[in-house]
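Below: one structure, written as structure tokens.
Residue numbers begin at 1 in each chain, while the letters A, B, ... track the order of the sequences.
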Amino acid sequence: MRVGIVGCGKIADGHAEQLRAIGRAQLVAACDREPLMAEQFSQRWGGLAQYADMAEMVLRERLDVVHVATPPDSHVALACSALEMGCHVFVEKPFALDGEGARRILDCANAVGRRVSVNYLYNFESPALELGRLLADGALGEVVHVETCYGYNLAGDYGIAVMSDPAHWVHRLPGKLFHNVIDHVLAKVVPMLSEPVVVCADARRMRPASGDAVVDAMPDELRLLLKDRDGRTVSAMVGSHARPIGHAMKVYGTRDTVELDYAARTLVRSARQDQPSAVGRLFPAWVQAWRYARCGVRNLGAFGRHEFHYFQCMRVLLTRFYDAIEGRGEDPVPQAEILRVAAIIDGIVDALAQRP
Amino acid sequence: MKVLLTGAGGFLGRCVADSLLAAGIDDLRLHFRGDPPHGLLEDLGRRHPGARIEASAANLLYARDLPALVAGVECIVHAAAGMRGSAADMFANTVVGTRNLLDAAAGAGVRRVVMVGSFSVYRTESLPRGAVHDESVPIEDVGIEKGAYAHAKTRQEHLLAEYRGRYGFETIVLRPGVIYGPGGGAFSSRVGIRAMGVFFSLGRGAELPLTFVENCADAVAQATLNGVDGRAYNVVDDELPSCSQYLRGYQARVGRLRVLAVPYWLFLLGSRWLVRYNRVSKGQLPAVFTPYVVRSMYRPFRHSNAALKALGWRQRVPTQDGLARTFEALAGKPP
């Protein structure tokens, strides 16, 4: 399969690296409306053909797959265009700006009979895959509640770019900074929720004012409470100020509770007090230490097998996407989940807009 | 002559502003990406009361903002560049920003462009050990083998040459070695890297091409006024220490480090292993050190600032004083 990438910014490198690693398709072309950006990407990835127009790239290079790694407000137009030209499409998150846009892309894919997927990569991290197995086996019982946190470092390279540039595309998103990262939270919890989901959201800016109205309009702390038809709840903290920057989830089930750390790639069952009295409080720390040690050994094994890349999760996701294209499996992210994530984002944007 | 200085809020840019004014530029427009650093304009105004100093905010990535930035300017001193971030970010902030600036400069009839480049553009891989590294060393064609920063700075230089040919600008390039001073970083990767609680000393006996930030700024100012059109100038100070001497000075005056000295042959061997591992593991560890990088940056060369001195540049801050001031500032910083 011949693949092209449109959008030659930072995340395009992640796509290119994992595409090369899975070896299922050949990256042949890069497109960016800024020719210098297409040039630099092409040079760093071994002399790809360079384009400033996606349609021209698709036609001339006879592409089978297009990866869309542009800012989110261009996703619908680019994805639909590539699909209509007969390509399968892999879209960077957020899939679209809203539910309507997400529906348009999926309808287009279904109409032309092409595969489309989205980079919900963290659902393919090793602890997330293990959680999926536990849920499928019923090991946790019924899910009662989910707690999750996702930290974002505004002092990091990307944060500085956003903070120092009022014209950055993040400021144009309806949900601003959170719109760009909330998929990482919602994609993980949506499979555990029934419909409809009630959304309660609050956000604020915790950092001092910069004096720039556009930058200062961007909140940096978000709290979410989701409740599904069956009373299951999710509480989420998305923010920039808590240290260390966390990326974790705790799933409370009627049989068992598990704690996932996406950054450390660990999943452990929560401590259980099985012994009476003070003795009962003596054991759990050792039991937990043993469980974490087993995670560490497992991670070492994955490292030794070269399955521990920083974007290993994306590698798994892309492998499954290309499997689906070749008719060897289902879509790695079901279309229904993409739509539900988009609908909840719409709900968050509405809730934040209605704040006093 | 009205001069525009880009990147005036940066580590080097702040000093260049002062050096330009001290050298006699009396009409200076300072470019900042956002607000000027607190007190900078007031301080420059106090030190140079007769000069006209104005501030202009613009993001060089947005071409539409740049005609106003360059309006009325005869000479641009271009010190802005992307120093951090992903490869794409660094390239955009360095190369796309420069292209936009040069387009605007061409439209505004700017006569002279003085650009702050980098040592990283030099093709030193084929230079013999102990050779003199001066401006006669050719620069890379692409520079990609030496990492994202070198790639961006190399493309920036080639871009300037293209625009010189197209629009007839007078162009001068300054290529500083390692710019250091209070407010800067502690260690160039030429000295070594910190990892897992250990400082891996990599440069060891190789001469460290330092230039104190104020000396470097003076060089930029001198080249702005007197530099020869079409020339490049290396910017290094006199009495350069070796990487090991710098490290010992740091340990004596800033803080102790657990140092592991890596011999050159072992470093080269390790880089070969790293490239192989990167390939076999499909990128599990990045090949940040390749044999090309090691041969280019970690062999001993001698450095010359003769061309700069021929312009009239003199080292204002002696190296010993520069090191003392830098270490003192680093010692006062939280670890």
Side-chain angles (χ1 to χ4, degrees), chain A residues 5 7-23 30 32-47 69 155-169 210-212 214-215 299 302-312 314-315, chain B residues 9 32-36 38 57-65 80 82-100 102-103 140-156 158-159 162 276-287:
Chain A
I5 289 182
C8 296
K10 177 181 173 183
I11 194 61
D13 284 329
H15 289 243
E17 186 171 31
Q18 298 318 316
L19 265 172
R20 188 162 287 182
I22 65 174
D32 198 294
R33 64 184 179 186
E34 169 52 69
L36 284 168
M37 292 305 286
E39 174 196 301
Q40 59 86 27
F41 187 79
S42 165
Q43 286 176 334
R44 290 189 294 107
W45 291 100
D157 294 330
Y158 194 73
I160 288 172
V162 169
M163 296 285 292
S164 64
D165 182 6
H168 194 284
W169 56 263
S210 70
D212 184 285
V214 174
V215 173
N299 286 347
F303 192 92
R305 296 190 302 276
H306 308 147
E307 294 171 358
F308 206 70
H309 189 278
Y310 183 83
F311 274 144
Q312 187 69 30
M314 192 173 170
R315 193 172 295 183
Chain B
F32 303 95
R33 188 162 177 167
D35 292 331
H38 180 70
N59 185 336
L60 300 184
L61 291 177
Y62 302 127
R64 61 178 182 268
D65 297 342
M83 303 297 290
R84 55 182 294 185
S86 68
D89 289 341
M90 229 179 308
F91 194 92
N93 287 318
T94 300
V95 183
V96 178
T98 297
R99 193 273 321 273
N100 291 343
L102 294 176
D103 278 338
E140 299 278 357
D141 293 331
V142 179
I144 212 155
E145 298 87 349
K146 285 159 73 177
Y149 179 73
H151 180 209
K153 293 303 281 185
T154 304
R155 185 66 179 94
Q156 185 192 34
H158 289 306
L159 191 73
E162 287 167 31
R276 186 169 175 275
Y277 181 81
N278 173 269
R279 192 172 57 244
V280 170
S281 71
K282 297 178 178 171
Q284 188 161 268
L285 292 181

So, the side chain of A:H306 versus the backbone of B:K282: is there a donor-acceptor pair under 3.5 Å, distance only?
no
So which part of A:E17 gets closer than 4.5 Å to some heavy atom of chain B, the side chain, the backbone, both or neither?
side chain
Among residues at least two apart in sequence or on other chains, which ones pass side-chain hydrogen bond (donor to acceptor under 3.5 Å, both in side chains) with A:R305?
A:E307
Between the OG1 atom in B:T154 and the CD atom in A:Q43, the distance rounded to the nearest 0.5 Å is 10.0 Å
Go through the atoms of A:I160 and report whether side chain, backbone, both or neither lie under 4.5 Å from a heavy atom of chain B.
side chain
Interchain contact, A:Y310 with chain B, by part (heavy-atom threshold 4.5 Å):
neither
A:F303 CZ to B:S281 OG distance, which is reported to the nearest 0.5 Å
7.5 Å
Got more than 12 heavy atoms from elsewhere within 6.0 Å of CZ, B:R84?
yes
Here the pair of heavy atoms bringing A:H309 nearest to B:G283 is CD2-O, 2.8 Å
Side chains of A:Q40 and B:R155 in contact at under 4.5 Å (non-hydrogen atoms):
no
Contacting region of B:V95 [heavy-atom separation from chain A under 4.5 Å]:
both
Part of A:R315 within contact of chain B (heavy atom distance under 4.5 Å):
side chain
Over all atoms of both residues, closest heavy-atom pair of A:S210 and B:D35
O-OD2, 4.3 Å
Tightest non-hydrogen contact, residues A:R44 and B:A88, listed as NH2-N, 4.1 Å
Using non-hydrogen atoms only, which part of A:A12 is less than 4.5 Å away from chain B: side chain, backbone, both, or neither?
neither
Rounded at 0.5 Å granularity, tell me how far NE2 in A:H168 sits from CG in B:L61.
9.5 Å
